[in-house]
J.: 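Here's a structure for you.
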Amino acid sequence: MMRAIKRFVRPWTALAVAGLLAAVATAGALVASAEDVVPGAINDGVAPESSGDGETLLIVVGGTYGSQAEARAAAAASAPRFGDVQGLYVDAAANYDVLTTGTVFPVGSWLTLSGFRTRQGVNEFLDLAGAVEAGPLTTVQVVKHGGTFIGLGQEPSPDGLGPLLVKLPNQIQYQQ
Amino acid sequence: MRIKGGLRRYALWLGLACLLVLGSAPSASAGHWYANGWRDWHYNYPPKPYGYNQIVAVFGQPCNSESRANVMRWMAADTGTVYNVVFHRKLGGSTSTNLDNDVRGHIGNGHMDNRVWHGIWGYNCRFISYTTKYSTHSWGIAIDQNSAYEHVNHYHSHTVCTCVADQFNNHGWRWGINFGDAMHFQYAYNY
């Protein structure tokens with residue numbers, strides 16, 4: 001009797017174990033492939049736009065201008081310096097509370113700028129600007145309120161694994 | 001006696017000729033990196049990626065720490081400015097001989113340094129202009145040269161020598177002149 005039970009149970013147990021292993025392996029492969037195909041929030045090389053609203057940021061400023069049209073013209077004029085990569089963006093100075101001592105943007109002015117969450121991002125951009133001779137740039141720490149997209153996402157994440165796409169929990173520490 | 005004197009003169013001229021040849025030999029090979037031991041090794045090149053998914057598979061995420069693991073110094077011939085050109089770990093250093101030894105060596109060995117002008121750079125975590133799509137510079141797999149003299153969206157070059165472009169092409173790189181960016185070389189296709 002016991003032999004008959006054993007004969008019956010062994011094959012089914014083996015099958016069950018094999019099935020369980022296969023299911024675990026499949027689930028693991030699916031998770032791995034999902035991670036490979038959808039790395040973070042980047043889709044086919046395209047990053048999501050993050051406005052940085054409410055964040056403390058470092059902005060690299062190319063200039064201040066009396067009107068949006070002037071600022072746009074200045075940004076367009078400097079764009080060829082950067083060749084195939086993005087140069088400066090345009091936003092109203094009113095969208096920024098300046099934290100850097102001694103820096104004041106004229107009331108009603110417009111800025112050409114690029115925004116960063118970390119000092120490393122600023123330094124890398126300044127290296128690029130130096131290589132392409134993009135002219136004098138000033139780095140200012142600000143708190144951003146609304147406004148346009150100013151290029152956040154173009155800096156390495158502190159973990160070294162990819163770009164920094166979201167606000168860091170202790171962001172100000174990375175701006176020293 | 002005449003014969004002896006003739007032989008002496010002959011020996012003297014022969015000796016002078018030998019000295020002349022030996023003396024001119026170093027100047028004839030001067031500047032050849034090959035004479036200083038450079039070799040084109042073609043060691044451990046990474047596979048050429050086609051499209052975004054393959055770029056990520058070979059080189060990782062844009063702006064990752066490997067993208068800026070190597071640096072080489074490159075002097076612009078027109079201004080004397082020395083640039084630190086940063087690039088991906090898999091394209092040079094102790095990992096591979098692709099960029100800093102083979103491509104760079106061919107340009108130096110072939111006396112083409114005088115065609116590399118200012119505005120030279122490699123890695124930077126940056127979007128393609130007017131988009132939010134990461135440039136190949138974000139992986140440290142792109143080099144711009146002569147950028148002070150070239151324009152984007154033009155399918156011709158003002159200053160980049162095809163002789164230099166050939167060195168990149170021969171080592172797995174693609175010249176951006178094919179997509180209107182003559183200053184640009186990248187180790188990736190279809191992106």
Side-chain angles (χ1 to χ4, degrees), chain A residues 33 35-51 60 75-76 78-90 114 116-118 120-134 149-165, chain B residues 51-53 55-57 60-69 71 74 76 79 81 83-86 118-140 142 144-154 176 179-184 186 188 191:
Chain A
S33 66
E35 283 172 356
D36 291 344
V37 174
V38 189
I42 302 170
N43 182 15
D44 201 24
V46 178
E49 288 193 8
S50 168
S51 74
V60 176
S78 71
R81 289 269 177 200
F82 291 92
D84 56 331
V85 298
Q86 179 64 45
L88 298 170
Y89 298 83
V90 171
S114 194
F116 301 91
R117 293 184 168 104
T118 68
Q120 183 179 356
V122 168
N123 290 341
E124 288 188 0
F125 182 66
L126 292 177
D127 285 344
L128 169 64
V132 301
E133 300 170 4
F149 176 65
I150 56 169
L152 293 174
Q154 298 176 98
E155 62 192 306
S157 172
D159 64 13
L161 299 176
L164 180 57
L165 298 173
Chain B
Y52 172 74
N53 285 338
I55 293 174
V56 171
Q61 293 294 305
C63 317
N64 75 74
S65 57
E66 300 276 277
S67 307
R68 51 185 186 279
V71 62
W74 205 331
T79 59
T81 307
Y83 295 89
N84 288 321
V85 180
V86 180
H118 76 288
I120 310 168
W121 60 281
Y123 161 81
N124 207 275
C125 183
R126 210 73 192 151
F127 297 142
I128 295 168
S129 51
Y130 303 112
T131 74
T132 57
K133 185 174 184 174
Y134 288 100
S135 161
T136 45
H137 288 282
S138 303
W139 283 272
D144 277 15
Q145 297 187 337
N146 302 28
S147 67
Y149 301 99
E150 298 293 334
H151 311 286
V152 287
N153 301 323
H154 288 81
F179 43 88
D181 191 2
M183 70 183 86
H184 179 90
Q186 65 179 41
Y191 185 85

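Throughout, protein chains are lettered first and strands after them, A, B, ... in sequence-line order, and every chain is numbered starting at 1. All of these numbers come straight from a predicted model, not from anything done at the bench.
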J.: Please classify the contact of B/His184 with chain A as side chain, backbone, both or neither, using a heavy-atom distance under 4.5 Å.
T.: side chain
J.: Which residue out of B/Val152, B/Thr81, B/Thr132, B/Val86 racks up the most heavy-atom pairs below 4.5 Å with chain A?
T.: B/Thr132
J.: Closer than 3.5 angstrom, by distance alone: can the side chain of B/Arg126 be matched with the main-chain N or O of A/Gly87 as a donor-acceptor pair?
T.: yes
J.: Is B/Ser138 close to chain A through its backbone or its side chain, or both, or neither, when contacts mean heavy atoms under 4.5 Å?
T.: neither
J.: Based on non-hydrogen pairs under 4.5 Å, which of A/Gly160, A/Gly45, A/Pro156, A/Gly162 is most in contact with chain B?
T.: A/Gly45
J.: side-chain contact (heavy atoms from CB on, under 4.5 Å) for A/Leu165 and A/Ile42? Distances and angles first, verdict last.
T.: CA-CA 9 Å; A/Leu165 298 173; A/Ile42 302 170; 3.9 Å; yes
J.: Between B/Asp144 and B/His137, is there a side-chain donor-acceptor contact under 3.5 Å, judged purely by atom types and distance?
T.: yes
J.: Where does A/Leu128 contact chain B at under 4.5 Å (heavy atoms): side chain, backbone, both or neither?
T.: both
J.: Please find the pair of heavy atoms, one from B/Tyr191 and one from B/Trp139, that lie closest to each other, and give the distance.
T.: OH-CH2, 3.7 Å
J.: Mark yes or no for whether B/Ser129, through its side chain, and A/Gln86, through its backbone, hold a donor-acceptor pair below 3.5 Å.
T.: no
J.: Just wondering, do A/Asp84 and B/Ser135 contact through their side chains at under 4.5 Å, heavy atoms?
T.: yes
J.: Can you sort out the partners of B/Tyr83 under side chain to side chain donor-acceptor pair (under 3.5 Å), two or more places apart, ordered by chain and number?
T.: none
J.: Look at B/Trp121, B/Phe127, B/Tyr123 and state which one has the largest set of heavy-atom pairs under 4.5 Å with chain A.
T.: B/Phe127
J.: Under 4.5 Å, counting heavy-atom pairs only, tell me which of B/Ser67, B/Cys63, B/Ser65 racks up the most with chain A.
T.: B/Cys63
J.: Between A/Ser157 and A/Arg117, do the side chains contain a donor N or O and an acceptor N or O under 3.5 Å apart?
T.: no
J.: Heavy atoms only, distances under 4.5 angstrom: which of A/Glu49, A/Glu155, A/Glu133, A/Gln154 has the most pairs with chain B? Name it, please.
T.: A/Gln154
J.: Taking every heavy-atom pair that is under 4.5 Å apart, which of A/Val132, A/Leu161, A/Val85, A/Asp127 has the most such pairs with chain B?
T.: A/Val85
J.: Which answer fits B/Ile120, side chain, backbone, both or neither, if we ask what part of it has an atom under 4.5 Å from a heavy atom of chain A?
T.: backbone
J.: Please look at A/Glu124 and chain B and tell me whether the side chain, the backbone, both or neither of the residue comes under 4.5 angstrom of a heavy atom of that chain.
T.: both
